[in-house]
Protein chains: 2
Amino acid sequence: MSTSISELIAEKIDAMPASERRAAQTLIANYPLIGLRTVAEFSGQAGVSSPTILRFVSRLGFQSYPEFQSALQEELAAQVQSPWNRAATIQRPKDGATFPLMEAAIENIRETFQHLSAQQLGDVTDALSRNRARLYLLGGRFTDPIATYMAAHLKIVRSGVTHLAGQESHWRDQLIDMGKKDVLLVFDIRRYQDSLLRFAEKAQARGVEIVLVTDQWLSPIARFARHVIAGRTAVPSPWDSSAALFLIAETLIAEVTRKLEQSSADRIRDLEQLRDN
Amino acid sequence: MSTSISELIAEKIDAMPASERRAAQTLIANYPLIGLRTVAEFSGQAGVSSPTILRFVSRLGFQSYPEFQSALQEELAAQVQSPWNRAATIQRPKDGATFPLMEAAIENIRETFQHLSAQQLGDVTDALSRNRARLYLLGGRFTDPIATYMAAHLKIVRSGVTHLAGQESHWRDQLIDMGKKDVLLVFDIRRYQDSLLRFAEKAQARGVEIVLVTDQWLSPIARFARHVIAGRTAVPSPWDSSAALFLIAETLIAEVTRKLEQSSADRIRDLEQLRDN
DNA sequence: CATAAAATGTAACGTAAAGTACAGTTTGCC
DNA sequence: GGCAAACTGTACTTTACGTTACATTTTATG
C-alpha cells in the first residue's frame with residue numbers, strides 16, 4: 001500500500017507540534033519542490049530550525065532525510081511518467097513528431113482485444129495448456145517469428161511443444177505424429193500462404209485441433225480451425241503491422257503460464273538446475 | 001523560453017564522446033529519476049565514472065551537479081503543477097480490468113516512444129539504410145525472433161542484410177567479413193546474454209557501428225553501441241513483454257523502407273518477377 | 001608507426017549537508 | 001506559581017557527496 005506523501009502529511013499533521021506543523025504546511029504550499037532541496041533551505045523557508053525539519057520527516061516515518069527525498073522523487077517521477085498525463089506532454093506542438101505508426105498500432109491492439117472475449121481467450125488457453133497433448137506452432141513468411149517467439153516461451157512451461165520450422169516438406173513429416181487431442185497453432189495473415197492452408201487441411205483431417213491467429217479478413221484456414229483469433233494489422237506504412245498479433249501471442253503465453261502455474265514452476269526450477277550444471 | 005533538459009540532451013548528444021553519451025542514454029532511459037540521485041548512483045547505473053557524469057552535465061551547460069538537479073526538479077514540478085495534469089490525474093480513464101497485460105503493454109509502448117526522439121530515430125534509420133554497407137541482425141534468447149522478423153522485411157528492401165542465426169560459433173565466423181561502415185543491430189534484454197556481449201565487443205573492435213535495442217535498464221552492450229534505443233518491458237505477467245521492442249522494429253522497418261523508396265521499389269518489382277517464374 | 005590530442009578512470013580532497021547532544025524555552029497541570 | 005513534560009533552537013560532530021588533480025588509456029593524425 002503506497003500512500004502518497006501528501007496523504008501521509010494530512011493524516012499526521014494534527015498530531016504535530018507547532019513548528020513541525022509549520023514545516024508540513026510549508027511543504028504542502030510548495031509541494032513538492034521544497035522537499036527536494038536541502039534541510040537548510042527547507043528550514044529557512046519554513047522559518048524553523050533544521051532539526052525540526054528532521055523531526056518532521058522522522059515523524060512521517062522516514063529513517064533519514066535522503067530517504068524522504070527519494071520517496072518524493074519517485075512519487076513525482078511516477079506522476080510525470082504515468083500514461084494519462086503523458087497525453088498532455090505528447091500534444092505539445094514542439095514535440096510534433098508523434099509517431100503515426102505507433103498510434104495506429106495501439107489503436108489496432110485496442111480493437112483487437114475489444115473483439116476478443118474472455119471466453120474465447122479461455123478456450124484457447126485451455127487448448128494450449130493440455131499437457132498430455134502435443135502442441136505444434138507454425139507461421140507464415142512474416143509471422144513465423146511470432147510462432148518462434150511463442151514456442152520459445154511455451155517450451156519452458158510445458159512439454160511437447162514443437163515449432164514447425166524450415167521447409168514445408170519437413171512439416172509434413174511431422175504430420176505422422178499428429179493426432180486427435182493434439183493442437184496446432186497457426187499464424188497466417190495476408191498474403192495468405194497456400195502452404196499453410198494445405199498443411200492445416202491435412203492436420204485437421206487427422207483430428208488435430210487448430211487454433212488460428214490471423215488478420216481481420218480471416219485466412220482461409222479459418223475453415224479448418226476450431227478457434228480463430230483475428231487481429232488488426234493496418235497501419236500507415238508500406239507494410240502491415242503484426243504488433244497486435246504479437247501481443248496476442250504474449251497474452252496467450254502469460255495465460256498458459258498462469259494456468260500451468262504449479263507444474264511449470266517445477267519445470268522451470270528443473271531447467272535452471274540443468275543450465276547451472 | 002527554457003528548452004527542456006531532454007531536448008537539450010537530444011541536441012547535444014551527437015557532439016558527445018562515448019562515455020558521456022552513455023550517461024545521456026541512461027538518463028533518457030530512466031528520465032528523470034536517475035538524474036535526481038547522487039552522482040555515484042548515476043555513474044553506477046550508467047557504468048561510467050563519476051567525473052564523466054560531471055563532465056556530461058557540464059557539457060549540458062550547468063555549472064555544477066546541484067544546479068543540474070535543481071533544473072530537473074523545477075522542470076518536474078512545473079509539469080506536475082500544470083493545470084492540465086491536475087485535471088488529467090483526477091479522472092483516470094482506467095476502464096475496468098479488461099486485459100491488464102494489454103493495458104500495460106500499451107503504456108510501455110507509449111513510454112518507449114516518448115523517450116525516442118525523432119533525431120535518434122533518424123540516425124538509426126540512416127545507419128540501417130546505408131546500402132553500401134552490410135547490415136547484420138542479432139538477437140537473444142527471446143528477442144531473436146524480432147531480429148528475424150526485421151531481417152525478413154529488410155532483406156526485401158535492401159541488399160546485404162544478414163540475420164546471425166544459430167550457434168555462437170557460427171556468428172563469429174561472420175566477423176571476418178565485418179568491418180568499418182558495416183552495421184550490427186543487436187536486441188538484448190534481461191537477462192542479458194554474455195554471448196551477445198562478447199560478440200558486440202569483437203564487432204566494435206573491428207569498427208562496426210552498433211545499434212542496440214534493449215530494455216530500460218540498458219544491456220551492457222550499450223558500452224559498445226553507437227545508438228541505443230531503450231524500450232519498456234515490464235508487465236503484470238511472469239514474463240516480460242517485448243511488444244514495445246517489436247513495434248520499434250516495425251517502425252524502423254517502415255522508416256528504412258520509406259527512406260529507400262525508389263531503390264526498394266525497383267528491388268521489390270524484381271523480386272516479384274523472380275517469384276512468378 | 002610515432003606522436004599528439006582527447007577521453008576516461010582512480011584516488012584524494014574539501015566542504016556542505018545531515019544528523020546529534022544538550023541547553024534553553026515554552027506549555028500544560030496540580 | 002511551581003514543577004514536569006514536551007518542544008525547539010544552538011552549536012557541534014560526522015558522514016558522504018561533489019569536485020579536482022593527475023595518471024592511464026584510447027583515438028585521431030601526419
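Below, chains carry the letters A, B, ... as their sequence lines are ordered, and counting in each starts from 1.
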Visitor: Before giving the answer on salt bridge (Lys or Arg N to Asp or Glu O under 4.0 Å), spell out for E261(B) and R258(B) the whole-Å C-alpha distance, their side-chain angles and the decisive distance to 0.1 Å.
Guide: CA-CA 5 Å; E261(B) 201 168 15; R258(B) 193 163 301 143; over 6 Å; no
Visitor: By nearest heavy atom, map T52(B) and Q69(A) onto DNA chain C; which one lands nearer the 5' end?
Guide: T52(B)
Visitor: Between the side chains of H153(B) and E250(B), does any donor sit under 3.5 Å from an acceptor?
Guide: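 No, because no side-chain N or O of H153(B) sits under 3.5 Å from a partner of the opposite role on E250(B).
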Visitor: Apply salt bridge (Lys or Arg N to Asp or Glu O under 4.0 Å) to the pair E20(B) and K12(B), showing each step before the final yes or no.
Guide: CA-CA 11 Å; E20(B) 292 181 35; K12(B) 303 207 168 180; over 6 Å; no
Visitor: What distance separates I34(B) CD1 from Q73(A) CD, expressed to the nearest 0.5 Å?
Guide: 10.0 Å
Visitor: With a 4.0 angstrom cut-off to heavy atoms of chain A, pull out the first and last contacting nucleotide of DNA chain D, in 5'-to-3' order.
Guide: dC7(D) to dT10(D)
Visitor: I need the W217(B) CH2 to R190(B) CZ distance, nearest 0.5 Å.
Guide: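 Here the interatomic distance stands at 4.0 Å.
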Visitor: Please identify which of these residues, E209(B), Q120(B), Q25(B), R21(B), meets the side chain to side chain donor-acceptor pair (under 3.5 Å) condition with H227(B).
Guide: E209(B)
Visitor: So what does S64(A) touch, heavy atoms closer than 4.0 Å: a base, only the sugar-phosphate, or nothing?
Guide: sugar-phosphate
Visitor: Supply the atom-to-atom distance M102(A) CE to T251(B) OG1, rounded to the nearest 0.5 angstrom.
Guide: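 Taking CE in M102(A) and OG1 in T251(B), the distance rounds to 8.5 Å.
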Visitor: Between P17(A) and L54(B), just flag the one whose closest nucleotide in DNA chain D comes earlier from the 5' side.
Guide: P17(A)
Visitor: With side chain to side chain contact (heavy atoms under 4.5 Å, CB included) as the criterion, how do D144(B) and Y149(A) come out once you've worked through the C-alpha distance, each side chain's angles and the decisive distance to 0.1 Å?
Guide: CA-CA 8 Å; D144(B) 195 59; Y149(A) 182 81; over 6 Å; no
Visitor: What is the 5' to 3' range of DNA chain C, first to last nucleotide, that sits under 4.0 Å from any heavy atom of chain B?
Guide: dA7(C) to dT10(C)
